[in-house]
Amino acid sequence: MSRPTLQLYNSMSRAVEPLQPLDPAGKRVSLYVCGPTIYNYGHIGNFRTYVAVDLLKRALTYFGYQVDHVMQFTDVDDKTIRGSREKGMPLKEFTGIYRQAFLEDAKTLNIEIPARTPNATDHIPEMVELIQKLIDKKSAYVSDDGSVYFRISSFPKYGCLCHLDLSSLISGARVNQDEYEKEGIGDFVLWKKWVPADGDVGWDSPWGKGRPGWHIECSALSMGHLGPEIDIHGGGTDLRFPHHENEIAQSEAATGLTFVRHWFHVEHLLVDGQKMSKSLGNMYTVRDVLERGYTGRELRYALLSGANYGKNLNFTWQGMDDAKTALARIDEWRKRIGEAAIGAPALEEVTNASEQIKSIDEALSRDLNINDLLGILFTWIRVSNKALDEKSLSAAQAAGYCLAYDSLDTILGLGSAIITIPAEVQSLADQRAEARKSKNFPQSDELRKAIEALGWKVKDTAKGQELSRA
RNA sequence: GGCGGGGUAGCCAAGUGGUAAGGCACGGCUCUGCAAAAGCCGAAUGCGUGGGUUCGAUUCCCGCCCUCGCCUCCA
């Protein structure tokens with residue numbers, strides 16, 4: 001089936017543009033995403049970004065592209081070093097804990113882990129090589145203390161991504177006054193000279209022992225894994241400046257090529273309308289949300305549906321409840337429509353799905369318009385439920401809805417609720433079935449209350465009781 | 001000061017130069033032993049505000065108000 005061309009907002013041009021991959025065959029799309037710094041558990045704001053990236057990746061796959069996806073883990077910087085020293089742990093061990101935690105949380109949210117997730121520290125030689133190249137090209141210099149800086153004045157395009165004027169940087173609000181050794185105020189560090197606070201963290205280099213600056217890892221890893229020019233580079237909106245701006249400078253100064261064709265930035269998540277911060281006590285991890293009794297897929301739904309990726313998403317517990325209810329309705333419907341499809345003819349004979357899939361394609365192609373997509377889904381739900389109530393939906397039509405939904409869910413990634421009923425709950429339900437058989441309704445109601453007290457809901461249907469999580 | 005994003009029903013949120021998707025919440029009804037689930041019906045004469053362009057603007061233009069973010073820690 002032919003699909004529309006995917007239109008994506010490009011934060012470089014500030015316009016929605018059709019995606020045009022470098023691959024001459026138009027099949028392969030290279031995608032690099034700036035991963036987390038692994039010094040702590042990721043919060044839901046981090047995961048809003050990665051859920052959005054996951055949506056992008058799934059959409060690309062859906063549109064028939066072969067996605068070459070790389071995301072690095074930043075496992076060396078001030079925060080990781082400080083954290084590991086506080087815990088009295090080797091850096092690698094310390095960051096390993098949070099790398100693992102991130103992967104687990106991603107799994108909770110049904111985020112597809114990129115095929116390659118390199119750690120920055122496993123690629124120091126590539127970074128050193130890139131820095132040397134920049135020095136050779138006079139785009140970087142070694143300062144008196146042995147650190148290496150990128151020379152912004154050597155790169156006229158500097159500021160192109162963020163539309164910044166270099167002179168405005170000089171009068172910028174926050175400039176580190178301590179960095180006397182820099183030639184220019186906007187120059188940024190490529191290689192940081194070892195200092196005692198770094199402890200045993202450090203690598204040898206032509207400029208002495210030290211460690212890479214933050215930005216160089218993404219340039220080295222992106223180019224190393226995906227080539228000097230890539231299709232899409234993404235991350236949270238806060239990375240635009242300085243991180244991505246600096247990546248462009250480093251990479252393009254070294255290669256003379258266009259580093260990235262399409263920039264994908266995800267807007268931030270707010271909590272109760274405010275920026276998350278420790279002082280406000282509104283920073284939640286994925287684990288915190290789970291502890292409140294929500295599931296990963298409920299959080300995924302909330303993160304996906306709260307707002308399109310390019311806009312701030314306001315996280316609230318009310319929003320989590322809304323998500324939970326809406327998702328339960330989708331689940332209920334999927335189950336019902338699936339049962340109605342039993343006995344349907346072979347899939348190739350199911351024709352009404354194509355129209356539905358077409359509407360999905362169209363909404364998705366418009367810069368991943370998830371809310372339009374959900375609007376379409378809920379319309380299917382209402383229309384088909386009505387038809388089922390009226391007994392006017394054929395098995396073939398039901399199968400068409402199943403087909404369309406399952407296709408849609410390759411993008412949404414909601415999957416299905418896996419329900420394991422505790423023995424205690426099942427036992428109460430069995431007793432209730434007996435009570436109902438003998439029309440002992442008072443006892444039946446008592447048992448329902450007992451089941452609800454355990455956090456479960458019971459529903460009476462023509463086929464008997466059905467249990468679900470409250 | 002510079003750059004950018006928002007202001008659409010109680011809450012969340014799409015959208016369009018031609019008369020306001022969807023979700024959640026709420027009320028009534030149908031169904032049900034009662035519930036639940038599902039369905040039906042119900043709310044914006046209106047899309048921050050004042051002008052302008054137009055046959056027609058929430059959608060385009062200008063001014064104003066409010067709000068959020070970024071301007072070298074940050075997804």
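Lettering follows sequence order; numbering is per chain, from 1. Predicted, not measured: the structure shown is a model, and the values here were computed from it. Below, each value reflects all heavy atoms present in this structure, side chains not excepted, and no hydrogens, waters or symmetry copies.
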Using a cut-off of less than 4.0 Å, is there contact between a side-chain N or O of [X] and OP1 or OP2 of [N]?
X      : N     : result
A:K311 : B:C68 : no
A:R448 : B:A36 : no
A:R329 : B:C24 : yes
A:N371 : B:G15 : no

Identify the nucleotide, in any strand shown, that forms a Watson-Crick or G-U wobble pair with [N], with both distances under 3.5 Å; if there is none, say none.
N     : result
B:U58 : none
B:A75 : none
B:G63 : B:U49
B:U19 : none
B:G42 : B:C26
B:C70 : B:G2

Would you mind reading off the distance between [X] atom [atom1] and [N] atom [atom2], rounded to a whole angstrom?
X      : N     : atom1 : atom2 : answer
A:N314 : B:G23 : CG    : P     : 21 Å
A:Y301 : B:A13 : OH    : P     : 13 Å
A:W263 : B:A75 : CH2   : C1'   : 15 Å
A:M276 : B:C74 : CE    : C1'   : 10 Å
A:R436 : B:G33 : CZ    : P     : 8 Å
A:L364 : B:A14 : CG    : P     : 15 Å

Base, sugar-phosphate, or nothing for [X], non-hydrogen atoms under 4.0 angstrom?
X      : value
A:W333 : nothing
A:N308 : sugar-phosphate
A:T316 : nothing
A:R334 : nothing
A:N369 : sugar-phosphate

So [Y] and [X], do their side chains get closer than 4.5 Å, heavy atoms only?
X      : Y      : result
A:L134 : A:V148 : no
A:Y141 : A:K182 : yes
A:V189 : A:K192 : yes

Between [N] and [M], how many Å separate the two [atom1] atoms, rounded to a whole number?
N     : M     : atom1 : value
B:A37 : B:U30 : C1'   : 13 Å
B:A14 : B:A21 : P     : 16 Å
B:C47 : B:C11 : P     : 16 Å
B:U19 : B:U59 : P     : 15 Å
B:A43 : B:G4  : P     : 41 Å
B:G48 : B:A20 : P     : 16 Å
B:G15 : B:G23 : C1'   : 15 Å
B:G7  : B:C61 : P     : 15 Å

Quiz item: Between A:A323 and A:L269, which is nearer to the 5' end of RNA chain B once each is assigned its nearest nucleotide?
Solution: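 The residue whose closest nucleotide sits nearer the 5' end is A:A323.
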Self-check item: Along RNA chain B (nearest heavy atom to each residue), the more 5'-positioned of A:G273 and A:Y9
Solution: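 Checking each residue's closest nucleotide, the 5'-ward one belongs to A:Y9.
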Quiz prompt | Distance under 6.0 Å and angle within 45° of ring axis: A:R292 vs A:W317 | solution =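 That pair qualifies as a cation-pi contact.
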Exercise. Examine A:K79 relative to A:Y39 and say whether NZ or CZ is less than 6.0 Å from the centre of the six-membered ring and inside a 45° cone about the ring axis.
Key: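 Geometry flag: set, cation within 6.0 Å and 45°.
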Identify which nucleotide among [options] has an atom closest to any side-chain atom of [X], counting heavy atoms from C-beta outward.
X      : options             : value
A:D238 : B:C34, B:C70, B:A75 : B:A75
A:K386 : B:C73, B:C40, B:A14 : B:C40
A:N312 : B:A75, B:C68, B:C73 : B:C68
A:D322 : B:C24, B:C3, B:C74  : B:C24
A:L239 : B:G39, B:A75, B:G22 : B:A75
A:D445 : B:C34, B:G39, B:G15 : B:C34
A:Y50  : B:A38, B:G33, B:A75 : B:A75
A:R336 : B:G23, B:U72, B:A38 : B:A38
A:R14  : B:A75, B:G39, B:G4  : B:G4
A:N46  : B:A75, B:G22, B:C73 : B:A75

Practice problem: Decide whether A:N385 and A:R336 meet the rule of one side-chain donor and one side-chain acceptor closer than 3.5 Å. | Solution: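 Per modelled atom types, A:N385 and A:R336 side chains form a pair under 3.5 Å.
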Quiz item: Is there a stack between A:H268 and B:A75, judged by ring centres under 5.5 Å and planes under 30°?
Solution: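 Ring-base stacking flag set for A:H268 and B:A75.
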Self-check item: Verify stack between A:F441 ring and B:G33 base, 5.5 Å, 30 degrees
Solution: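 The ring of A:F441 is stacked on B:G33.
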Quiz prompt | Distance in Å, A:T108 OG1 paired with A:F47 CZ, rounded so as to fall on 0.5 Å steps | solution =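 If I round to the nearest 0.5 Å, the distance is 8.0 Å.
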Exercise. Could you encode protein contacts along nucleotides 26-31 of chain B as a string, one character per nucleotide from 5' to 3', using B for base contact, S for sugar-phosphate-only contact and - for no contact, with a heavy-atom cut-off of under 4.0 Å?
Key: ------
N/O donor-acceptor pair, side chain [X] with base [N], under 3.5 angstrom:
X      : N     : answer
A:D372 : B:G22 : no
A:D460 : B:C34 : yes
A:R382 : B:G39 : no

Exercise. Scan A:R287, A:R300, A:R99 and name whichever one has a salt bridge (Lys or Arg N to Asp or Glu O under 4.0 Å) with A:D105.
Key: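 Going through A:R287, A:R300, A:R99 one by one, the salt bridge (Lys or Arg N to Asp or Glu O under 4.0 Å) with A:D105 is satisfied by A:R287 alone.
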Quiz prompt | Exercise: identify the closest heavy-atom pair between A:A302 and A:M320 | solution =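 Shortest heavy-atom separation between A:A302 and A:M320 comes out as CB-SD, 3.7 Å.
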Quiz item: Got a sec, which residues hit side-chain hydrogen bond (donor to acceptor under 3.5 Å, both in side chains) with A:Y309, two or more places apart in sequence or on another chain?
Solution: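 By the side-chain hydrogen bond (donor to acceptor under 3.5 Å, both in side chains) rule, A:Y309 matches A:D367.
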Practice problem: Sort out for me which residue in A:H244, A:E247, A:H243, A:Q250 forms a side-chain hydrogen bond (donor to acceptor under 3.5 Å, both in side chains) with A:H215. | Solution: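 The passing option is A:H243.
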Quiz item: Is it true that a side-chain atom of A:N308 and a backbone atom of A:N369 form a donor plus acceptor pair closer than 3.5 Å?
Solution: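 Pair absent, no side-chain N/O of A:N308 close to backbone of A:N369.
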